[in-house]
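Working notes for the structure below.
Because the structure is a prediction, the values reported are computed rather than measured. Just the heavy atoms: all of them, side chains too, but no hydrogens, waters or symmetry mates, feed the values below. Chain identifiers are assigned alphabetically (A, B, ...) following the order of the sequence lines, protein sequences preceding nucleic acid strands; residue numbering begins at 1 within each chain.
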There are 2 protein chains.
Amino acid sequence: MKKPPAIPEDICFCPLSGILDVIAKKWALLIIAILGNEGEKGFNELKRELGCISPKPLSDTLKNLERIGLVSKKVLGTSPPTVKYSLTPEGWELRDHLIPMLVWVSEHGGQDMPGCPIRARKHP
Amino acid sequence: MKKPPAIPEDICFCPLSGILDVIAKKWALLIIAILGNEGEKGFNELKRELGCISPKPLSDTLKNLERIGLVSKKVLGTSPPTVKYSLTPEGWELRDHLIPMLVWVSEHGGQDMPGCPIRARKHP
DNA sequence: CCGTATCCGATAGGATACTG
DNA sequence: CAGTATCCTATCGGATACGG
């Protein structure tokens, strides 16, 4: 049996449960990636960027990300109400650890891509 | 607006959809982490390690991971039937990119941890 | 030991409409 | 623009039992 280059120490993954419940969702990682890549985004801006997400799941996901402290929400004016979502410092840290994986995945090329196109910035 | 250290180029996240549909699930990341950390695992071994997963979701997840080429399955004997799940080369690559994130998350400490305890190796 | 089969409840998430 | 409110469906995921 191959001896794998193991995780540094005997590490407990208990704390993962909580965050994975939020992160391991359909849109969470993409939202973090996009916010990280572009800085700040409004609700519908984000919605447009994601391409085919309904307001409810987007709202839910943002609330969850906010709750666990990865995303912060700023309300600016009142008419028209302007809202900006951005990453918290913790969100940035996570994002930094996340990017290598996302980049690898996007380069590696998932052959099956049913559903709607999603882009970080430009779309071919 | 803060100028973020962006993702290398204008990168298309289209290919993400397919793989995210698989890895952004409740158990997928943990399975990859565990297989990477311990090399090979049988079905029930994995089940025990995950702590509180039912056979069906485990079976489903493994099939999906196999389908997209991250996990391979070896059938050895016939009595008793011995099966070993392990990471494919691609699975290893993904795992390498994944570990920093998982380690960060586990160190960062998710305060809320409802549900069952999950461990990579030892459990306190 | 390795799963599949079945059933079932919870919930994620899409569509749409509508309000502040 | 920024969501909330419904509604509705598909799927996920747990429990249990059983077969190879």
### Evaluation steps, side-chain contact (heavy atoms from CB on, under 4.5 Å), between A:Glu45 and A:Glu38
CA-CA 11 Å; A:Glu45 230 175 340; A:Glu38 311 204 15; over 6 Å; no

### Message
Apply side-chain contact (heavy atoms from CB on, under 4.5 Å) to residues A:Arg67 and A:Asn64 and explain how you reach the verdict.
### Response
CA-CA 5 Å; A:Arg67 182 176 53 82; A:Asn64 279 330; 3.4 Å; yes

### Verdict with reasoning, A:Leu87 to A:Arg95, per side-chain contact (heavy atoms from CB on, under 4.5 Å)
CA-CA 9 Å; A:Leu87 296 183; A:Arg95 187 254 187 185; 4.0 Å; yes

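Applying the 4.0 Å criterion to OP1 and OP2 of C:dG3, one finds that B:Lys73 has a side-chain N or O inside that range. A sub-4.0 Å separation between OP1 or OP2 of C:dG3 and a side-chain N or O of B:Tyr85 is present. Side-chain N/O atoms of A:Ser59 include one lying less than 4.0 angstrom from OP1 or OP2 on D:dT4. Here A:Arg48 does not reach the OP1 or OP2 of D:dA2: none of its side-chain N or O atoms lies under 4.0 Å away.
In this structure, B:Lys63 reaches the sugar-phosphate backbone alone: every heavy-atom distance under 4.0 Å involves primed, P, OP1 or OP2 atoms, never a base.
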### Query
Reading nucleotides 13-20 of chain C from the 5' end, what letters show protein touch, with B for base, S for backbone sugar-phosphate only, - for no heavy atom under 4.0 Å?
BBBB---B

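Rounded to an integer number of Å, the gap from B:Glu45 CD to C:dC2 C1' is 12 Å. As a whole-Å value, the separation of A:Leu46 CG from D:dC1 C1' is 14 Å. A straight line from CD of A:Glu49 to P of D:dC1 spans 14 Å, rounded to a whole angstrom. Atom NZ of B:Lys74 and atom P of C:dC1 are 19 Å apart (whole Å). What separates CG of B:Leu58 from P of C:dC1 is a distance of 14 Å, to the nearest Å. Rounded to whole Å, atom P of C:dC1 lies 16 Å from atom CG of B:Leu62. Counting to the nearest Å, the P atom of C:dC2 and the CG atom of B:Leu76 are 10 Å from each other. C:dG3 atom P lies 9 Å from atom CD of B:Glu66, rounded to whole Å.
Side-chain contact check for B:Leu35 versus B:Leu46: some heavy-atom pair is nearer than 4.5 Å. Residues A:Leu62 and A:Phe43 have side chains in contact (heavy-atom distance under 4.5 Å, counting atoms from C-beta outward).
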In a table with atom names and distances, give each donor-acceptor pair under 3.5 Å that connects a side chain of residues 50-60 of chain B to protein atoms at least two apart or in another chain.
residue	atom	partner	partner atom	Å
B:Lys56	NZ	B:Asp60	OD2	3.3
B:Ser59	OG	B:Lys63	NZ	3.3

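In this structure, B:Thr82 contributes its side chain and B:Leu76 its backbone to no donor-acceptor pair below 3.5 Å.
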### Query
Could you spell out the base pairing of DNA chain C in dot-bracket, with Watson-Crick or G-U pairs whose two distances are under 3.5 Å, [ ] crossing and | to another strand?
|.||||||||||||||||||

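In this structure, B:Met101 and A:His97 approach most closely via the heavy-atom pair CA-CB, 3.7 Å. Looking at every heavy atom in both residues, B:Ser86 comes nearest to B:Glu40 through CB-CG, 4.0 Å.
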